Number of protein chains: 2
Amino acid sequence: MIDNLRQHIINRVGKKPDNLEHVLDHFEEFSGERGQHLLVQGDVCKHVYYIAAGCIQVYIIDRQGQESTREFYVEDQWVTDIFGFQNQLPANESIKCVEACRLLRIHYDSFQLLSQQAPQFAAIYKEILEVSYNNTVYRVNALTAMNALERIRWLMENKPKIMTRLSSKLIASYLGISPETMTRLKSKL
Amino acid sequence: MIDNLRQHIINRVGKKPDNLEHVLDHFEEFSGERGQHLLVQGDVCKHVYYIAAGCIQVYIIDRQGQESTREFYVEDQWVTDIFGFQNQLPANESIKCVEACRLLRIHYDSFQLLSQQAPQFAAIYKEILEVSYNNTVYRVNALTAMNALERIRWLMENKPKIMTRLSSKLIASYLGISPETMTRLKSKL
DNA sequence: GACAGTCCTTGACAAATGTCAAGACTTTAT
DNA sequence: ATAAAGTCTTGACATTTGTCAAGGACTGTC
């Protein structure tokens with residue numbers, strides 16, 4: 001499992017950093033069962049998770065008690081409540097495993113330490129932050145500019161793996177539509 | 001105008017940095033008329049803008065040729081096409097002044113230089129990036145979990161100044177609803 | 001002051017989407 | 001293997017939202 005993360009870092013940095021093993025020492029293995037929460041809204045997020053295998057959902061509960069999914073994360077991606085983590089403030093979102101997950105996690109204290117000690121670690125974080133921001137910007141534009149059918153097509157083109165991997169109900173909660181509308185529109189594709 | 005930026009930086013860093021004037025030297029004054037574009041979709045963004053006065057809209061054009069607003073930025077905020085800027089890739093969004101604006105802008109080359117030379121400059125950038133990401137995350141959740149009326153209420157509570165400052169048409173394009181729906185729902189508040 | 005252009009509002013209607021309920025089907029746990 | 005729980009689909013209907021058209025209000029320009 002640690003091999004995935006090692007390779008992930010090497011790919012990003014472009015070569016094997018001198019202090020790579022030191023960085024990896026700060027991570028611990030963590031298994032998440034299907035349905036298990038990594039973070040519940042209101043709690044302070046203490047870890048950043050690297051996903052070696054599985055799929056994770058970040059969501060809120062809307063006024064009717066329904067899950068509304070902000071994002072899904074899969075293998076070779078990172079997940080945390082970034083703002084709450086960096087400022088050690090209560091989270092607005094919940095994070096849970098929608099599949100059995102094999103994870104590597106790093107604690108807040110270690111993360112801050114490495115951010116100072118290891119410039120390449122800080123650089124990777126910055127890059128991930130920029131990509132995450134960019135993805136979220138795309139998503140805002142999709143949500144404001146497209147109707148339900150267009151959003152489904154957008155998802156199929158841009159995240160086809162998510163589309164086939166997850167249940168319709170989860171996809172619907174990600175697109176901001178009801179499961180019934182999802183069913184009906186699928187026949188119009 | 002440069003005084004605004006000087007104070008902005010001092011507020012963020014917590015004290016006056018030694019190299020502050022050196023940093024400020026890399027900025028140039030720039031005036032934007034109402035309606036003037038700072039960036040057009042497809043172009044590569046060469047500057048980051050600090051807004052000393054005015055209001056700026058970041059938007060895309062949807063399938064029907066309508067503007068769909070991703071975000072508004074006002075005094076004491078920064079605006080650019082972050083991902084396109086950092087990677088010098090064509091922008092997916094357009095940026096324009098919705099009011100007459102007094103701006104300070106820094107060129108890509110200077111920005112990269114300062115990011116290396118001035119740790120505090122890099123730290124401010126990281127902080128802005130995190131706050132921007134967090135705002136966008138909030139926005140995704142509002143768009144997926146709320147209907148039109150709830151979104152209007154959300155805007156009134158969270159960005160009351162935007163609500164009163166800009167035209168209904170612009171607000172509607174920000175909320176992802178038609179101007180007519182905007183008019184009708186305002187009477188239900 | 002006249003004009004063009006834009007915005008805001010309203011009405012009538014159409015289209016999109018949500019809600020509720022029921023049954024078939026899958027998956028999960030025991 | 002069976003029961004329990006959750007998911008998917010479909011129908012009927014309600015609600016929300018969009019579209020088109022028209023008129024009044026406002027703004028900037030000549």
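A, B, ... follow the sequence lines: proteins, then strands. Residue 1 opens every chain. Because the structure is a prediction, the values reported are computed rather than measured.
If you take CD of A:Gln66 and P of D:dG6, they are 13 Å apart, rounded to a whole angstrom. The CD1 atom of A:Ile177 sits 15 Å away from the P atom of D:dT17 (whole-angstrom rounding). Whole-Å rounding puts the A:Leu166 CG to D:dG6 P distance at 18 Å. Here D:dT16 presents its P atom at 9 Å from CG of B:Leu185, a figure rounded to the nearest Å. Between B:Ile152 atom CD1 and D:dT16 atom P there is a gap of 13 Å when expressed in whole angstrom units.
If you find the closest nucleotide of DNA chain C to A:Gly176 and to B:Ser187, the one lying nearer the 5' end belongs to B:Ser187. Along DNA chain D, the nucleotide nearest to B:Arg184 and the one nearest to B:Lys188 differ in position, and the one closer to the 5' end is contacted by B:Lys188. Taking for each of B:Met182 and A:Glu180 the nucleotide of DNA chain C with the nearest heavy atom, the 5'-most of the two is the partner of B:Met182.
Using a 4.0 Å heavy-atom criterion, one finds that B:Glu150 contacts no nucleic acid atom at all. Heavy atoms of B:Lys186 sit under 4.0 angstrom from primed sugar atoms or phosphate atoms, though from no base atom. Using a 4.0 Å heavy-atom cutoff across all strands shown, B:Gln64 reaches sugar-phosphate atoms only and no base atom.
Ionic pairing of A:Arg105 and A:Glu29 is not present here: no N-O contact between side-chain nitrogen and carboxylate oxygen is shorter than 4.0 angstrom. In this structure, A:Arg102 does not pair ionically with A:Glu75, as no charged nitrogen and carboxylate oxygen lie closer than 4.0 Å. Checked for salt-bridge contact, A:Lys96 and A:Glu67 meet the test: a charged N lies under 4.0 Å from a carboxylate O. The residues A:Glu180 and A:Lys169 are annotated as not salt-bridged, no charged nitrogen and carboxylate oxygen being separated by less than 4.0 angstrom.
Protein chain B contacts DNA chain C over a range whose 5' and 3' limits, counting nucleotides with an atom under 4.0 angstrom from a non-hydrogen atom, are C:dC7 to C:dA12.
The side chain of B:Thr181 lies closest to D:dT17, out of D:dT17, D:dT7, D:dT19.
Among all heavy-atom pairs drawn from B:Arg139 and B:Tyr174, the shortest one is NH2-O, 2.6 Å. Taking all atoms of both residues into account, the shortest heavy-atom contact from B:Cys45 to B:Asp81 is SG-N, 4.0 Å.
Aromatic ring centres of A:Tyr50 and A:His8: separated by under 6.0 Å.
End-to-end axis angle of the helix from C:dG1-D:dC30 to C:dT30-D:dA1, from C1' rotation axes over five pairs per end: 60° (rounded to 10 degrees).
Using the six-membered ring where Trp is involved, A:His37 and A:Tyr59 have ring planes that are tilted, between 30° and 60° apart. Ring planes of A:His26 and A:His22: perpendicular class, angle over 60° (limits at 30 and 60°).
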